[in-house]
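Each remark here refers to the structure printed beneath this line.
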Amino acid sequence: MFTENYNAEKIEKEIHDFWDENKIFEFKFNDKRPIFSIDTPPPTISGMIHVGHAMSYSQAEFIARYKRMRGFNVFYPMGFDDNGLPTERYVENVRNIRAVNLPRDEFIKICLEETRKGEEEFKEIWKLLGISVDWNLTYSTIDDFCRKISQFSFIDLYEKGRVYRAESPITWCPNSQCKTAVAQAELEDFKRITKLNYIKFKLENNEEIVIATTRPELLPACVGIFVNPNDKRYKKLIGRYAFVPIFGQKVKIMEDELVDPNFGTGIVMVCTFGDSTDIEWWKKYNLETKIVIDESGKLNDLAGKYSGLTIEEARKEITEDLKKEGKLIEQKDIEQTLNVHERCGTPIEYLISKQWWIKISDLKEKWLELGNQIKWYPASMKNRYDTWVNGLNTDWCISRQRYYGIPFPVWYCKKCGKIIIADKKDLPIDPFYQKPKKSCSCGYNDFEPEKSVMDTWATSAITPLINSKWTEKENLVDLIYPMSLRPQGHDIIRTWAFYTIAKCWLHTGKIPWNSIMVNGHGLDPHGKKMSKSKGNIVEVKEIIKKYSADALRYWAASAKLGNDLPFKEQDVARGQKIIIKLWNAAKLISNSIENYKPNRKIELKSIDKWLFLKLNKVINKATEEYEKYEYSDATAYVENFFWHDFCDNYLEIVKQRIYNGNDEAVKYTLYYSFLSILKLFAPILAHITEKLYQKLYSGKEKEISIHISNWPEEFEFFDESIERNGDLAIEIISFIRKWKHDRKIALNAELNKIIIDCNFEQREGLKEFLDDIKTATKAKEISFGYVRDNELPSGIKIDIS
RNA sequence: GGGCCGGUGGUCUAGUGGCAUGACGUCACCUUGACGCGGUGAAGGUCGAGAGUUCAAAUCUCUCCCGGCCCACCA
């Protein structure tokens, strides 16, 4: 018997130490059990770990624990995504430095220092939360092995003809902290109100046409004018020439179906480049190239007196000047959707530059087919993948003009310009500080290193191969690839999920994982994303300290898979109540279990069988839900069974038998039913179930930890009529409770006599439960007989006195 | 403009054809030998709107409205 209260902070700490010491979560390399491998998301080191992170990682963690109990050898690694733009931005802010002002190697060193710190912080919090990863399997995307495998991957795709270098228009972020090429997947939509400017262009014969544009600052880059071929108003213009105001260049008027006659004046100017239609026309009609915006979003010499101005400044001044010249005849407010960089919200520009690309846009059908080979949970999330693939219109630009990332294993010959690719056996290399091992084929021996680094997604897209130690002699590819499960958020389906499927298939010809579970986000109480700048971050540590890790995990388990979940402290408090309830139930039954070890078949009473019948159903349902990764529905079933069937009804009914101390049937029932309850709760309430397992079952059950014990299976099947009859008994007990309540009598007040009036079948069934009704209602006497009133839904009538 | 997800008592939520689930909150009663962080009850919903299919619709179909997300070349 134990009497102490539950001290979550102390006990959770003890349990963590126990798990560590006994290596409970270690992946066993030589083991016959089937493997369940998880492609854990490597979090970006961003300096703020909030309950939203805790939620998504907990949800994958529930599945890891469930699978472990199902007898799988679980491969559950942890990674850290600690390079690339987000990390640079983080480090620049934390240290208040700017990468551009520092030597490259010094900046990289600082980044490494800062990310180490961030990783320690993550590790500490994940341990507090009880995330059951095997920390021996940790990787970081900037470590030697990841640099090697990432460069290897690049060379492999280069050799396969999937990687190419090309000078072409590219989406570019001109933000002073970015100044890099970005990929289609990194763009977001942004709606804003802007001015549509109606501008007069002169024709050769001094006639005038009016063109509507939102970007007058691009006038110096204007290389053509288009009208719709079916637009009768402008048919006569086709093939003639116009002069761009202020800048004076002469441009041809052409026709194209893409022009919407109803937008603006129905006449469009093409600039290199204002948007993707410009690029399309530029390619299709082989137009001149006039780039007027530079890498930092300023106008260059082509803009004449406007040179050096930012886009916004130039727009303002050029508009002013047009107005002065009488060329601007109208300005209208319109709503405009434009592409912005997802990291900083800056409108992207199109520049021409030389970048490295992975060819993906020609294989849309393949990507869709691979998507079909993977099981999506919840199934509807596959739509997002399909939509994205269908909308793909460019290849994947993987070079970034940044500092802290994985370098390309590439040099260029300074004489003939030939591309020199490093030898696979020399990886990882940094072309900035290392040279090719032999001269160029042209005989020259001086090289220019590729200065760009790779898009972080290019590395994180091969996490299944990183986990498999692909490229190493002693690898796990046959063992764990394709991996069993990819858990990840819905916001990165177009990036992480898609790129992983694409790259891994290009390398191996196989899908990267058999299933993907897509989790929602933990939001602030008002349903908004948590972010430092909004000041609405709820910190993991605080909540764990106030409630407990188990209570926070319970909150995480309350969201259906894929749904976003606003953080409500009352939900965590609800988890706390269940934990306390479990502890107190254990207190009550500890006497019966502590010195008891079932070793033979016992004749059970009907109410005991009733409990097992209910339990069987819960085990079935919970298992079914877990197989679909629906931990939340599973938990709801378990919770309902534990709280109501087990505590409110069964325990109340058998209390006297517990106190008697020598009822073998009740001991047997409590031993196994409570063990099952603990196991069913174990994936969610990982700590308290472990503690109670050790307190009550240690030395009796085979495994030292509940988390490696077997998932509960159905008990012996009893005649289903017992469940029905037991339910009738509960119905009668409830009625008597209400009867007492209506008379403001205490529930434990004694009754003189209960008379039950029912049909023959009910009477036969209830006979087995009369004692239970008697003790639960404190009736001195109970009998069958004729009753006039008090009819229950089942038709039974009760007389109470 | 297209797609996906959602709209259920004050708040949140389960529920894909058959009397609307639970939590939190509210109110009342019960100081029951595990738990008052408890027990027992009560009040509270025309299940976003409309139409249709059906003996029967929160659930299926259509239209519309609202919210969120994803996608799209409208200058």
Side-chain angles (χ1 to χ4, degrees), chain A residues 1-3 5-6 184 187-189 196-197 211-215 218 222 225-226 258-260 262-271 274-281 334-339 378 380-393 490-491 493-494 520-521 523 525 527-528 547 551 558-560 562-566 568-571 573-591 632-633 636-637 639-640 643-644 647-648 651-652 655-656 658-659 733-734 736-749 776 778 793:
Chain A
M1 177 83 179
F2 61 95
T3 51
N5 287 331
Y6 184 59
Q184 187 187 353
L187 306 180
E188 259 172 17
D189 285 353
L196 182 61
N197 303 279
I211 290 176
T213 180
T214 54
R215 304 205 53 184
L218 286 179
C222 178
I225 288 171
F226 279 91
L258 283 180
V259 179
D260 178 357
N262 299 317
F263 187 91
T265 59
I267 310 177
V268 189
M269 70 168 184
V270 185
C271 306
D275 64 25
S276 57
T277 320
D278 287 345
I279 295 170
E280 211 175 318
W281 285 332
I334 59 157
E335 193 186 67
Q336 182 192 35
T337 306
L338 70 167
N339 286 132
S380 60
M381 288 295 176
K382 189 171 153 297
N383 291 325
R384 296 206 190 178
Y385 174 82
D386 290 346
T387 316
W388 175 253
V389 171
N390 283 321
L392 265 184
N393 54 28
H490 55 58
D491 54 331
I493 289 174
R494 64 180 179 170
H521 292 287
L523 306 172
K528 301 284 175 215
Y547 294 94
S558 69
K560 246 181 120 57
N563 284 7
D564 291 342
L565 179 68
K568 293 269 164 70
E569 209 163 315
Q570 63 178 36
D571 293 338
R574 168 83 186 155
Q576 188 75 340
K577 284 188 183 183
I578 286 170
I579 290 159
I580 291 166
K581 188 82 175 169
L582 257 176
W583 185 259
N584 286 321
K587 266 192 204 170
L588 171 63
I589 66 179
S590 63
N591 233 356
S632 65
D633 289 344
Y637 287 125
E639 184 183 327
N640 188 54
W643 204 296
H644 298 109
C647 290
D648 294 345
L651 288 186
E652 289 302 328
K655 253 182 186 172
Q656 287 311 316
I658 294 174
Y659 296 137
I733 291 167
S734 296
I736 294 167
R737 282 171 178 162
K738 182 167 159 50
W739 185 88
K740 285 181 174 174
H741 171 264
D742 289 345
R743 283 158 188 74
K744 303 189 180 179
I745 299 171
L747 289 178
N748 63 344
K778 299 254 176 177

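Residue numbers start from 1 in every chain, and the chains themselves are labelled A, B, ... in the order their sequence lines are given, proteins ahead of strands. If you're wondering where the values come from, they're calculated on a predicted model, not measured in any experiment.
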The side chain of [X] is closest to which nucleotide in this list: [options]?
X: A:Lys568; options: B:rU32, B:rA75, B:rC12; answer: B:rC12
X: A:Lys577; options: B:rU32, B:rC24, B:rC71; answer: B:rC24
X: A:Ser380; options: B:rC4, B:rA75, B:rG33; answer: B:rC4
X: A:Trp643; options: B:rC29, B:rC35, B:rG38; answer: B:rG38
X: A:Arg384; options: B:rC69, B:rA34, B:rC74; answer: B:rC69
X: A:His741; options: B:rG41, B:rC73, B:rG2; answer: B:rG41
X: A:Lys581; options: B:rG39, B:rA14, B:rC74; answer: B:rG39
X: A:Arg494; options: B:rA75, B:rG39, B:rC71; answer: B:rC71
X: A:Asp275; options: B:rC37, B:rU32, B:rA75; answer: B:rA75

Using the [atom1] atom as the reference point in each nucleotide, state the distance between [N] and [M] in Å, no decimals.
N: B:rG10; M: B:rG45; atom1: P; value: 7 Å
N: B:rU61; M: B:rC4; atom1: P; value: 12 Å
N: B:rG9; M: B:rG1; atom1: C1'; value: 38 Å
N: B:rU13; M: B:rG17; atom1: P; value: 22 Å
N: B:rA20; M: B:rC24; atom1: P; value: 22 Å
N: B:rG38; M: B:rU32; atom1: C1'; value: 10 Å
N: B:rG15; M: B:rU26; atom1: P; value: 27 Å
N: B:rA49; M: B:rC66; atom1: P; value: 15 Å

| When the ring planes of A:His490 and A:His521 are compared, do they come out parallel, tilted or perpendicular, using 30° and 60° as the limits? |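 Perpendicular: the ring planes of A:His490 and A:His521 meet at over 60°.
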How would you label the contact of [X] with the nucleic acid (heavy atoms, under 4.0 Å): base, sugar-phosphate, or nothing?
X: A:Gly391; value: sugar-phosphate
X: A:Ser734; value: sugar-phosphate
X: A:Asp386; value: nothing
X: A:Ala585; value: base
X: A:Asn390; value: nothing
X: A:Tyr659; value: base
X: A:Cys647; value: base

| field | No-H, no-angle donor-acceptor pair, A:Glu639 side chain to B:rA23 base, under 3.5 Å | value |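 Absent.
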| request: Please state whether the base of B:rC30 and the side chain of A:Lys744 form at least one donor-acceptor pair under 3.5 Å? | output: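 Not at all, since no donor on one side and acceptor on the other fall under 3.5 Å apart.
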| What closest approach, in Å, do A:Pro525 and A:Pro566 show between heavy atoms, and which atom pair accounts for it? |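 Heavy atoms of A:Pro525 and A:Pro566 come nearest at O-CB, 4.0 Å.
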| If you take all heavy atoms of A:Ser632 and A:Lys560, which pair is closest and at what distance? |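 For A:Ser632 versus A:Lys560, the nearest heavy atoms are OG-CA, 3.4 Å.
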Complement of [N], any strand, by Watson-Crick or G-U distances under 3.5 angstrom:
N: B:rU61; value: B:rA51
N: B:rA23; value: B:rU11
N: B:rG1; value: B:rC71

| Will you find, in the side chains of A:Lys740 and A:Asn748, an N or O donor that is under 3.5 Å from an N or O acceptor? |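 A:Lys740 vs A:Asn748: no donor-acceptor pair found between side chains.
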| message | Tell me whether A:Glu639 is salt-bridged to A:Arg574, with the criterion being a basic N under 4.0 Å from an acidic carboxylate O. | response |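 Answer for the salt bridge query: yes.
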